[in-house]
Amino acid sequence: MIQDMNAKGYFGEGATTEMNKVTGTGNWFEALMNSELSTIAQENVQSLLNGDMSAQEYCDMMAETYEATK
């Protein structure tokens, strides 16, 4: 599936390489996010998928926003 999506240009090569390493998944409940956290998630997910931002940077940004807005 990842290869099919990449062939259609959805992901950059770095993102595809990293996603192919995934051995498990988790649930993502964006519906339960407050509006500020949802906005941060939406504005930065493309950078994450393109490899312009690491997963750690993305999660840190989400955690900081959550702490600041709870």
On a heavy-atom basis, which atom in E36 and which in T69 lie closest, and how many Å separate them? CB-CG2, 3.8 Å

Out of curiosity, E57 CD to L48 CG, how far, rounded to the nearest 0.5 Å? 9.5 Å

Hey, could you give me the CE/OG distance between M62 and S38, rounded to the nearest 0.5 Å? 8.0 Å

Side chain proximity check, Y58 to V45, heavy atoms < 4.5 angstrom: yes

Once you round to the nearest 0.5 Å, how far does CD1 of I40 lie from OH of Y66? 15.5 Å

Atom CG of L37 and atom OG1 of T65: how far apart are they, to the nearest 0.5 Å? 6.0 Å

Of all heavy-atom pairs between M53 and N44, which one has the smallest distance, and what is that distance? CE-OD1, 3.5 Å

Could you tell me which residues satisfy side-chain contact (heavy atoms from CB on, under 4.5 Å) with Q56, sequence neighbours excluded, listed by chain and number? S54, D60

Can you list everything that forms a salt bridge (charged side-chain N to carboxylate O under 4.0 Å, His left out) with E43? Sequence neighbours excluded, please. none

